[in-house]
S.K.: 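My questions will all concern the structure given below.
Both ligands and their constituent atoms are indexed starting at 1 by order of listing. These values consider heavy atoms only, across backbone and side chains, with no hydrogens, waters or symmetry-generated copies.
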Amino acid sequence: MQRTQVAIIGAGPAGLLLGALLHKAGIANTILELHSGEQVLARVRAGILERGSVELLDEAGVGQRMHAQGLVHQGIQLSFGGQRQRIDLQGLTGQSVLVYGQNELCRDLMDARKAAGLTTHYEARHVSLHGLGEPRAVVRYQHLGQDHELACDYIAGCDGFHGVSRAGLPASAYHCYERGYPFGWLGVLADTAPPADELVYAQHERGFALCSMRSRTRVRCYIQCSLSDRLEAWSDARFWSELKSRLDPVTAAALEPAPSLEKSIAPLRSYVTEPLRFGRLFLAGDAGHLVPPTGAKGLNLAASDVRYLARALTEYYRDRSEAGLARYSEQALRRVWRAERFSWSLTQLLHNFPDHNGFDQRIQQADLDYLMSSRAAQTVLAENYVGLPLND
Ligand code: FAD
Ligand code: DHB
């Protein structure tokens, strides 16, 4: 039987970052990942990092390329009623965000892990967790057709929303709080110049739209779509035309359509598991909670969970104190719920809800009107967007 101190399930941003932080603290860890490294890197997902996430990546020693290639953004643009207006993140909060793709971040973490000679088993199948209430936990899995067992002190379930860590628990072990939304996001990645220097979030009667970016020559754009929409029905030409129809004229005119490099549909969902600890198992990132992507919080929450967990495990191995581990679930959930609230409210503000009537629509307009006329309201949005403090 193999042995490690912490077994990490999943090599997404949560698992890789936790592995890097534990290694820095001298804690042995092994990662088991269902897919190949290339498949993990091929996923196009989040792109906005809060300062706390940037600092954590620096702490893990993987910040070099992120600082060289990431774009510092000091504001965001809101497009509605045919106009574009700016929220001055820097002026309102003293902070900015960094535009850097999730797959680039994973690549940096994977490269550092490989250079340090740390063990990651890609394409690990049939992972199952045992002994969560025993003095030692065991992870069973298959790799290259062989059965394996990995004994460990603790398990970090970083295997995303569809992973086995949460799914393997009895339903009576946890409570889940959930909200579905009657729409999804259709996303396109393309090599063309962003239509503005900053991200443009658009509210329109045809539905929400977002022009984000990965660099000065690559855009990541999204439009709200129906849950029944199929990718085949969305040619590039239809996507660009629909996106432009939802933007103010200045932004629409500045957007030059280009062939899509990637196109995908993601449903929107809010979901929280409570608690996040089950004996020797700790859930972190999407394995424990989901937010709708509107506030760009998913990846940043995964990072803050991992920060709390890495500190708690470090305290355990350094001082033999379980105080941090005992506090993990409550501490992480407090920040999770604040991000849930923000992501939910920004989703309400900017999307077209099919079941909304004229009253709901007028309230949405009044919300936007108030936001743009009140520095206090803009400060609320800005301080949530750049990231709330890490409550340690
Ligand atoms: P994940 O990134 O999901 O990583 C989990 C890892 O575990 C994966 O590599 C997976 O292969 C592995 N795994 C799964 N099952 C097993 C198993 N049985 N055994 C071993 N390994 C397993 N956030 C934003 O802020 N902005 C966005 O635009 C955005 N877009 C998104 C689009 C999609 C389609 C999705 C699903 C999420 C998106 N998110 C976005 C959310 C953000 O990407 C996530 O919050 C972030 O990836 C969370 O990281 P994680 O490491 O917790 O989970
Ligand atoms: C991106 C995604 C988001 O959900 C968001 O709010 C901002 C940017 C992105 O993929 O770049």
S.K.: Which residue and non-hydrogen atom of the protein lie closest to atom 44 (C) of ligand 1, and at what distance in Å?
M.R.: Asp286 OD2, 3.2 Å
S.K.: Quick test: of every protein heavy atom, which one is nearest to atom 37 (C) of ligand 1, and how far off is it to 0.1 Å?
M.R.: Arg45 CD, 3.7 Å
S.K.: Is any side-chain N of the basic residue among Asp153 and Arg3 closer than 4.0 Å to the acidic one's carboxylate O?
M.R.: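 Yes, this pair counts.
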S.K.: Return yes or no for this condition: an N or O of Leu34 is under 3.5 Å from an N or O of ligand 1.
M.R.: yes
S.K.: Which side-chain N or O atoms in residues 45-54 pair as donor and acceptor under 3.5 Å with protein atoms at least two apart or in another chain?
M.R.:
| from | atom 1 | to | atom 2 | distance (Å) |
| --- | --- | --- | --- | --- |
| Glu50 | OE1 | Arg335 | NH2 | 3.2 |
| Glu50 | OE2 | Lys297 | NZ | 2.7 |
| Ser53 | OG | Asn300 | OD1 | 2.7 |

S.K.: Name the closest protein heavy atom to atom 49 (O) of ligand 1, giving the residue it belongs to and the distance to 0.1 Å.
M.R.: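 It is Pro13 CG, 3.5 Å.
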S.K.: Please work out, at 4.0 Å between heavy atoms, whether the side chain, the backbone, both, or neither of Arg214 comes within that distance of ligand 2.
M.R.: side chain
S.K.: For atom 43 (O) of ligand 1, grab the closest protein heavy atom and report residue, atom and distance to one decimal in Å.
M.R.: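 The answer is Gln102 OE1, 2.8 Å.
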S.K.: Starting from atom 12 (C) of ligand 1, which protein heavy atom do you reach first, and at what distance in Å?
M.R.: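 Ranked first by proximity to atom 12 (C) of ligand 1 is Glu33 OE1, 3.2 Å.
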S.K.: Report the nearest protein non-hydrogen atom to atom 29 (C) of ligand 1: residue, atom name, distance rounded to 0.1 Å.
M.R.: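 Going by distance alone, atom 29 (C) of ligand 1 is nearest to Ala46 N, 3.8 Å.
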S.K.: Checking the N or O distance criterion of under 3.5 Å, is ligand 1 in contact with Trp185?
M.R.: no
S.K.: Have a look at ligand 1 and work out which part of Cys158, if any, has a heavy atom under 4.0 Å from it: side chain, backbone, both or neither.
M.R.: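 Cys158 to ligand 1: backbone contact only, side chain stays beyond 4.0 Å.
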S.K.: Using side-chain hydrogen bond (donor to acceptor under 3.5 Å, both in side chains) as the criterion, list what pairs up with Thr119, not counting sequence neighbours.
M.R.: none
S.K.: With heavy atoms of Ala14 as the reference, note each atom of ligand 1 found under 4.0 Å away.
M.R.: 50 (P), 51 (O), 52 (O)
S.K.: Select one of side chain, backbone, both or neither to describe which atoms of Trp185 lie under 4.0 Å from any atom of ligand 2, heavy atoms only.
M.R.: side chain
S.K.: Heavy atoms only, cut-off 4.0 Å: how does Tyr222 contact ligand 1, side chain, backbone, both, or neither?
M.R.: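 Under 4.0 Å from ligand 1, Tyr222 contributes side-chain atoms alone.
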